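Here the structure is laid out as structure tokens; the discussion comes afterwards.
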Amino acid sequence: MQISARNQLTGSVSGIKLGSVNNEIVLTLGEGEQLTTVITQESCKTLGLSVGKTAIAIIKAPWVVLAKPDCGLIFSARNQFNGKVTHVIEGAVNSTIHLVTDKGMALTAIITNESLQEMQLTKGVDIIALIKASSVMLATEK
């Protein structure tokens, strides 16, 4: 698939919770991670989603928020993945952070250079990747 979003995660729909306007969809990814998204009922119908169907979660790198495990905060983000930084690419304004979750799922985040310095992120540092359910788009093949 040729789209600009850095994070494209393929999984199988493992749960659908119907709402009055939006539905909550749970994908089980190949690494065993579970990812939750909230999409409209109309989108659910358009994509033909049902339990067992393959779908691709699309998450832009700036939508991945990073936190240190010892930051002392509890987060409301539905999707929280513990992992380690694998690579840092520092740019003029922002930095690209590559990480792998404890179960082996690769994610990419974009953060400001100021955050990179404040958090002291380098290869091997423990990290939590936070992704709001409303920041996850779904796609299916035609």
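Treat the numbers as computed from the prediction; the structure is a model and nothing was measured.
Residues Thr96 and Thr108 meet the side-chain proximity criterion, which asks for heavy atoms closer than 4.5 Å. When side chains are defined from C-beta on, Thr40 does not count as touching Thr46, because their heavy atoms never get closer than 4.5 Å. Side-chain contact between Leu121 and Ile111 is present, with heavy atoms from C-beta onward closer than 4.5 Å.
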* Determine, stepwise, if the pair Ile56 / Leu9 fulfils side-chain contact (heavy atoms from CB on, under 4.5 Å). => CA-CA 5 Å; Ile56 303 160; Leu9 309 169; over 6 Å; no

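With sequence neighbours left out, the side chain to side chain contact (heavy atoms under 4.5 Å, CB included) criterion links Gln41 to Asn23.
Placement of Leu35 and Trp63 within a single hydrophobic cluster is found when ILVMFWY residues are connected by side-chain heavy-atom separations under 4.5 Å, directly or transitively. Ile110 and Leu116 fall into different hydrophobic clusters, where Ile, Leu, Val, Met, Phe, Trp and Tyr are joined by side-chain heavy atoms under 4.5 Å apart, directly or via other members. No chain of hydrophobic side-chain contacts below 4.5 Å, direct or via other Ile, Leu, Val, Met, Phe, Trp or Tyr residues, connects Leu130 to Val64.
Side-chain N or O atoms of Thr36 include none that pairs as donor or acceptor with a backbone N or O of Ala133 at under 3.5 Å. Judged by distance alone, the side chain of Asp126 and the main-chain N or O of Lys68 form no donor-acceptor pair under 3.5 Å. Side chain of Thr86 to backbone of His98: a donor-acceptor contact under 3.5 angstrom is found. Judged by distance alone, with hydrogens and angles left aside, the side-chain atoms of Glu33 form no donor-acceptor pair with the main-chain N or O of Phe81 at under 3.5 Å. Using modelled atom types, one side-chain atom of Ser14 and one backbone atom of Val26 make a donor-acceptor pair closer than 3.5 Å.
In this structure, Ile127 and Met119 approach most closely via the heavy-atom pair CD1-CE, 3.9 Å. Closest approach of Ala139 to Ile58, counting heavy atoms only: CB-CD1, 3.8 Å. Taking every heavy atom of both residues into account, Ala57 and Leu138 meet most closely at CA-CD2, 3.9 Å.
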